[in-house]
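Here's the structure, in structure tokens; my notes come after.
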Protein chains: 2
Amino acid sequence: MEHTTEYKDLVNQNQDFLPGISIDCVIFGFHENQLKVLLIKFGNTQIYSLPGGFIYKEESLDEAANRILDHRTGIEDTYLEQFYIFGDPKRVNPEEHRWIMQKNGIDLPSDHFLFNRHITVGYYALVDFTKIQPHSYLNHEESGWFDIYDLPETIAFDHRDILTKALNSLRLLLDHKLAVFNLMPETFTMGELQSLYETILNKKLLRANFQRKMLSLGILERLDKKWGGGAHKAPYLYRFDSQKAEANKFSNQFEE
Amino acid sequence: MEHTTEYKDLVNQNQDFLPGISIDCVIFGFHENQLKVLLIKFGNTQIYSLPGGFIYKEESLDEAANRILDHRTGIEDTYLEQFYIFGDPKRVNPEEHRWIMQKNGIDLPSDHFLFNRHITVGYYALVDFTKIQPHSYLNHEESGWFDIYDLPETIAFDHRDILTKALNSLRLLLDHKLAVFNLMPETFTMGELQSLYETILNKKLLRANFQRKMLSLGILERLDKKWGGGAHKAPYLYRFDSQKAEANKFSNQFEE
DNA sequence: CCAAAAGTGTTTACAGTACACCCATGT
DNA sequence: ACATGGGTGTACTGTAAACACTTTTGG
């Protein structure tokens, strides 16, 4: 088994990390009309967790979160923002954690720093699913995408709570910022965009009104028609126009 | 000079605290048409800072924030919520910090834990100004209320950034929750409530429309008239009715 | 009686909702 | 031709904005 840098860091109780604090990333993607999150499955278990990591002593929280995201998805610049800090002293059961690591083939002493109390900062990332190839990590068996409404049964620690909070924060984001366009590919149809909104909000929207509202924001550029697909009228393709969005900043309720 | 428990904790590098993490509280109050925040002035300086503290190893972040708030204001149950985590490694200049402590009559070695990098969790509290008597602390000369729009010139560390972020978060809160009523006394006039909204948003609102909107929420109870005051019609007093608010939870956009 | 503040009414405009209609295309 | 999905039009509704009017009170 080949060990990564992180593995050595763990075993050697890397002193370059800030003690007692970690980062967990909820990485959202959108694919086939499903809102997906990236989860990691620990080796030799059926237990999933959020991708996370620690903060180097000379790095900011945002830098650490970006580094962790880059490491897991290969994406360097995307929408990434903290949404909550989780600080319950019982949020992680150290016994459960140690058991998981053992199953992973990593046998750590019970006084290892990993099993101390950690506060964790929740970040969510909105990534273009089509550009992502999840990387594997340590000797975790798998890392893969899961429908947010159909998560695995066993999720480690308080990570299910973190996922719930992240989804709630994402819903609030819809009303305030244009960041959700980071979840779309470069070009998309109005139907696909509507499907994203419906999936996040978990409710149906009226097609006609959705279209009008989106176009009225003055942030979309209409391209040539897409001809593919089925027995029906071919839809236009749209592109998110960040220039227009910037220009309309003060005429709509989005951004600050 | 009499020293408090906190003083001894500091000098002895209390090991019961979580290392590397702190809490800073932005305590909002409303008085004489001004949105106030509670600041602390370090002894023998003109430097102000937010009231803050550390987290005991067995306590949650929320518990720690409540404890710190209680300690500073004597209020035990009020609206208190985290709004952001500040994690820039340069957010506090340790030299500045040590200098301030020295001026305070507390001479600590430069490798004291206080001067290590700290991540800080920002909490805001919304308190009823009429019920608060700020407590003094350590040998800080003063702790007092300041108009959020007329802060002291010298504010320590990144605490001015924290204040700005807190004010922005408070403005967002106006649209989503009814928590701002915690800033009002038990009874108040519609004009006073409008003044609170205007002060937070820093813009004028139309009296007639504000009144209609507030009443339409169905969360206010109208009491007897207030007869005091000047040469004009005496206003009604209102009381925030948390029962009504609960009942109307699903008929308006507030709360979750 | 008048000024000042409080409370209510009215008009208008715009945004959200629901639904109807037309368009384009592959089978 | 027709079923399917895409795009537009329109009437209805509710809320928000602006402004006018009335009420109460002290001087």
Side-chain angles (χ1 to χ4, degrees), chain A residues 32-33 171-172 174-176 178 184-185 187-240 248-254, chain B residues 32-33 171 174-176 178 184-185 187-240 248 250-254:
Chain A
E32 292 178 344
N33 290 339
R171 285 174 180 158
L172 290 177
L174 272 192
D175 292 331
H176 293 293
L178 298 171
M184 298 305 278
T187 61
F188 47 86
T189 67
M190 194 57 76
E192 288 165 347
L193 183 61
Q194 182 179 342
S195 174
L196 171 65
Y197 271 72
E198 289 180 340
T199 307
I200 292 175
L201 295 173
N202 202 21
K203 69 174 180 187
K204 287 284 170 197
L205 303 173
L206 286 182
R207 188 172 53 84
N209 300 332
F210 181 82
Q211 168 126 350
R212 228 188 323 273
K213 180 164 183 180
M214 280 299 138
L215 293 179
S216 75
L217 293 175
I219 54 169
L220 294 180
E221 180 190 359
R222 179 180 279 184
L223 308 176
D224 295 338
K225 285 200 178 186
K226 170 192 200 180
W227 29 246
H232 50 69
K233 179 174 176 178
Y236 289 104
L237 282 178
Y238 295 88
R239 184 204 313 271
F240 176 69
N248 289 324
K249 219 177 191 181
F250 302 107
S251 62
N252 65 46
Q253 80 277 32
F254 292 103
Chain B
E32 292 179 345
N33 289 341
R171 284 174 181 158
L174 272 192
D175 292 331
H176 293 292
L178 298 171
M184 298 305 279
T187 61
F188 48 85
T189 67
M190 193 58 78
E192 288 165 347
L193 183 61
Q194 182 179 344
S195 173
L196 172 65
Y197 271 73
E198 289 180 338
T199 306
I200 291 175
L201 295 172
N202 202 21
K203 71 174 179 187
K204 285 285 170 196
L205 302 174
L206 287 182
R207 189 172 51 85
N209 298 334
F210 180 82
Q211 168 127 349
R212 222 188 328 271
K213 181 164 182 179
M214 281 300 138
L215 293 179
S216 75
L217 292 175
I219 54 169
L220 294 181
E221 180 190 358
R222 180 180 278 184
L223 307 176
D224 294 339
K225 286 201 175 184
K226 171 192 196 178
W227 29 249
H232 50 70
K233 181 174 176 178
Y236 289 104
L237 282 178
Y238 295 88
R239 184 205 314 271
F240 176 68
N248 288 326
F250 301 106
S251 62
N252 65 45
Q253 81 274 35
F254 292 103

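Here is the naming used below: chain letters follow the sequence lines, and residue numbers restart at 1 for every chain.
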Separation of C:dA5 atom P from B:Q194 atom CD, nearest Å, is 13 Å
Test side chain to side chain contact (heavy atoms under 4.5 Å, CB included) applied to A:T189 - qualifying residues, sequence neighbours left out: A:E192, A:K226, A:P235, A:L237
So, is B:Q211 close to the C:dT8 phosphate, meaning a side-chain N or O under 4.0 Å from OP1 or OP2? yes
Salt bridge (charged side-chain N to carboxylate O under 4.0 Å, His left out) against A:R222, all qualifying residues, sequence neighbours excluded: none
To the nearest Å, how far apart are A:L237 CG and C:dA24 P? 17 Å
Does the side chain of B:K213 get closer than 4.0 angstrom to OP1 or OP2 of D:dT15 through an N or O atom? no
Grab the CZ-P distance between B:F210 and D:dT15 for me, whole Å please. 17 Å
What's the spacing between A:I200 CD1 and A:R171 CZ if we round to 0.5 Å? 9.0 Å
Quick tally for nucleotides 17-22 of chain D: nucleotides whose base has a protein heavy atom under 4.0 Å get B, sugar-phosphate-only ones S, the rest -, giving BBB---
Mind calculating the distance between NZ (A:K203) and P (C:dA18) to the nearest angstrom? 10 Å
Suppose we screen for ring-ring contact (aromatic ring centres under 6.0 Å, His included). Which residues come up paired with A:Y238, at least two apart in sequence or across chains? none
Those residues that, when tested against A:S195, pass side chain to side chain contact (heavy atoms under 4.5 Å, CB included) (two or more places apart): A:F30, A:N33, A:T199
Separation of atom CG in A:L193 from atom P in D:dG6, rounded to whole Å: 12 Å
When rounded to the nearest 0.5 Å, the distance separating CD1 of A:I219 from CG of A:L178 is 4.5 Å
Whole-Å gap separating C1' (D:dG7) and CG (A:L223): 16 Å
Do any side-chain atoms of residues 202-210 of chain A form donor-acceptor pairs under 3.5 angstrom with protein atoms, and if so which ones, sequence neighbours left out?
residue: A:N209; atom: OD1; partner: A:R212; partner atom: NH2; Å: 3.0

Whole-Å distance, A:L215 CG to D:dT8 C1', equals 11 Å
What is the distance, to the nearest angstrom, from the OH atom on A:Y197 to the P atom on C:dG16? 12 Å
Would you mind telling me which residue lines up with the more 5' stretch of DNA chain D, A:Y236 or B:S216, judged by nearest nucleotide? A:Y236
